[in-house]
Amino acid sequence: MAALLAFSAGGSAAWAQAKELSMGNVNPPRHGTSLAAQHFVDKVAELSGGKIKIAHHHSGALGGEREVAQQIQLGAVDFGPITTAPLSTLIPEMSVFQLPYIFRDYQHLFKTLDGDDTVVKYYSGVLDKKGLKLVGFIAAGYRGIYGHHPINSLADVKGKKIRVQEDKILVATFKALGMISTPIAFPEVATALQTKVIEFGEGGINTFYHNKFYDIVKNVADVRHTHQAVALIMAKGTWAKQDAAGQKAITDAWVSARDFNRKFILDEDKSIQDDVRAKGVAITKPDAAPFRDATKSVYEEFYATPAGKDARKIVDHILAVK
């Protein structure tokens with residue numbers, strides 16, 4: 001609770017302190033990504049002996065994820081947990097994480113990210129060329145479809161309009177399912193659902209819960225087309241300004257935050273669906289096989305792009321992880 005109270009939703013006070021660094025985060029304070037980010041912030045302060053302080057601006061106070069990532073590139077913001085889908089608008093190789101059903105389950109995701117350094121090393125190099133430093137990957141939970149109507153089979157989604165994250169692979173995925181894909185930045189999703197500009201959204205069931213989307217729509221389909229990864233990134237310039245002790249504090253703080261995150265996401269998974277049902281939401285679990293079969297072509301679409309051609313080796317690596 002103390003960590004939650006330490007969050008800064010605004011920002012004027014934080015900017016007044018010249019040596020205080022900033023973090024932009026689109027998620028609300030109780031979301032798992034926010035808790036992992038706050039754990040990191042607190043640990044950096046602890047391990048640096050208070051020399052490195054980071055003001056955590058949650059709930060989209062500094063803008064949407066793409067905007068925050070751009071600010072980090074420019075050095076106007078220092079840190080940010082950025083979902084790999086909106087990050088792909090700047091780093092198209094990040095679309096690997098949005099390929100449909102690339103991850104079988106949480107253990108597959110964890111082994112991919114933590115089992116060896118193949119994925120982290122690849123993306124560290126890619127981000128470095130764009131003025132960013134990869135701190136690590138946060139696991140943010142599996143994604144499903146929520147909306148105004150129940151989904152019991154693939155037939156129920158045909159011709160329906162769905163909000164997707166700002167990622168070409170997600171647009172292609174839901175187009176392959178016969179839906180009308182509409183990229184919308186996360187801060188605009190609630191309004192788009194309320195006004196029925198869209199009939200459905202795709203996202204994490206935990207995100208659905210913590211953003212109180214259950215007040216707007218009462219149907220969730222547990223299709224698990226992706227297991228979401230969030231890249232905790234920082235400005236290269238901010239990293240370069242740290243001395244060896246400061247860089248070690250950041251690196252060690254990430255290890256602690258990573259371990260916190262992996263345990264948290266598994267613990268949350270035990271109860272999150274019951275929490276959602278308690279809000280009067282119906283959760284269906286349609287057969288995933290037709291969804292998986294309908295989206296196989298999306299891989300070839302990705303491989304046909306320059307980023308996909310380069311990142312294909314990472315796709316092959318992920319699929320080979322047992």
Side-chain angles (χ1 to χ4, degrees), residues 25-35 58-60 64-66 83-86 98 100-101 140-167 169-228 230 265 268-288 290-292 294-295:
N25 172 18
V26 75
N27 297 287
R30 292 186 181 277
H31 191 281
T33 296
S34 296
L35 295 177
H58 65 84
S59 302
E65 290 178 289
R66 178 164 49 86
T83 306
T84 52
Q98 282 68 254
Y101 298 98
Y142 56 83
R143 298 177 75 85
I145 303 173
Y146 49 84
H148 292 285
H149 314 289
I151 297 173
N152 293 293
S153 70
L154 184 58
D156 293 329
V157 306
K158 299 291 185 181
K160 300 297 193 297
K161 197 169 185 178
I162 184 170
R163 174 268 174 175
V164 299
Q165 292 177 299
E166 302 159 279
D167 180 273
I169 291 304
L170 283 172
V171 171
T173 294
F174 286 92
K175 183 178 178 181
L177 293 175
M179 303 188 80
I180 302 169
S181 299
T182 307
I184 296 176
F186 186 75
E188 302 168 25
V189 174
T191 299
L193 283 169
Q194 285 174 326
T195 57
K196 297 190 177 180
V197 168
I198 53 174
E199 295 167 271
F200 294 96
E202 65 85 29
I205 191 168
N206 48 8
T207 299
F208 175 90
Y209 179 76
H210 291 296
N211 285 276
K212 301 182 179 181
F213 288 168
Y214 49 74
D215 287 335
I216 307 171
V217 295
K218 295 294 186 182
N219 297 281
V220 170
D222 182 5
V223 296
R224 306 195 184 200
H225 52 285
T226 62
H227 277 70
Q228 188 66 67
V230 174
I265 204 73
E268 181 185 57
D269 191 51
K270 296 173 184 176
S271 61
I272 191 66
Q273 290 206 10
D274 288 338
D275 293 339
V276 169
R277 288 191 184 95
K279 298 298 182 179
V281 175
I283 300 177
T284 59
K285 193 169 180 62
D287 181 6
F291 288 80
R292 187 180 293 109
T295 56

Check ion pair R143-E202 (N to O, under 4.0 angstrom): yes
Working to the nearest 0.5 angstrom, can you tell me the gap between I169 CD1 and S181 OG? 11.5 Å
Report yes if the side chains of Y209 and K279 come closer than 4.5 Å at any heavy-atom pair, otherwise no. yes
Rounded at 0.5 Å granularity, tell me how far CD1 in I180 sits from CD in E199. 7.5 Å
Heavy-atom distance under 4.5 Å between the side chains of T295 and L177, does that happen here? yes
Looking at Y101 and V223, what are the two nearest heavy atoms and their distance? OH-O, 3.1 Å
Minimum-distance pair of heavy atoms, taken over all atoms of P183 and V171: CG-CG2, 3.7 Å
Considering all heavy atoms of both residues, which atom of Q273 and which atom of Y142 are nearest to each other, and what is their separation? NE2-OH, 3.0 Å
Looking at CD of E166 and OG1 of T83, how far apart are the two atoms once the value is rounded to the nearest 0.5 Å? 10.5 Å
pair V189-F208: side-chain heavy atoms closer than 4.5 Å: no
S34 side chain to P28 backbone, donor-acceptor under 3.5 Å: yes
Carboxylate-amine/guanidinium contact D215 K212, below 4.0 Å: no
Note: A221 and I151 closest approach over all heavy atoms is CB-CB, 3.7 Å
Are I198 and I184 packed together at the side-chain level, in the sense that at least one heavy-atom pair is separated by less than 4.5 angstrom? yes
Side-chain donor-acceptor pair under 3.5 Å between T84 and Q98, yes or no? yes
Rounded to the nearest 0.5 Å, how far does CD of Q228 lie from CD1 of I265? 10.5 Å
Between P290 and S153, is there a side-chain heavy-atom distance shorter than 4.5 Å? no
What's the separation between atom CE in M179 and atom CG in D156, rounded to the nearest 0.5 Å? 10.0 Å
Side-chain contact, heavy-atom cut-off 4.5 Å: H148 with N219? no
Does the pair D222/R224 count as a salt bridge with the N-to-O cut at 4.0 Å? yes
Would V220 and I145 satisfy side-chain contact (heavy atoms from CB on, under 4.5 Å), going step by step from the backbone distance to the final call? CA-CA 6 Å; V220 170; I145 303 173; over 6 Å; no
Could you tell me whether the side chain of K158 and the main chain of L154 form a donor-acceptor pair under 3.5 Å? no
Considering residues, nucleotides and ligands other than K218, do more than 12 of their heavy atoms fall under 6.0 Å from its NZ? yes
What's the spacing between E65 CD and F186 CZ if we round to 0.5 Å? 8.0 Å
Taking every heavy atom of N27 against every heavy atom of H58, the minimum-distance pair comes out as O-CB, 3.5 Å
As a quick check of understanding, evaluate ring pair (Phe, Tyr, Trp, His ring centres under 6.0 Å) for H225 and F174, giving each step before the final call. CA-CA 10 Å; H225 52 285; F174 286 92; 5.2 Å; yes
Between the side chains of H210 and E268, does any donor sit under 3.5 Å from an acceptor? yes
Quick check: do I205 and I283 have side-chain heavy atoms less than 4.5 Å from each other? yes
Candidate pair V276 and D274, rule side-chain contact (heavy atoms from CB on, under 4.5 Å), full reasoning: CA-CA 5 Å; V276 169; D274 288 338; over 6 Å; no
Between P187 and V26, is any pair of side-chain heavy atoms under 4.5 Å apart? yes
Keeping T207 on the side-chain end and G203 on the backbone end, is there a donor-acceptor pair under 3.5 Å? no
Once you measure the plane-to-plane angle for F213 and Y146, does it fall in the parallel (<30°), tilted (30-60°) or perpendicular (>60°) bin? tilted
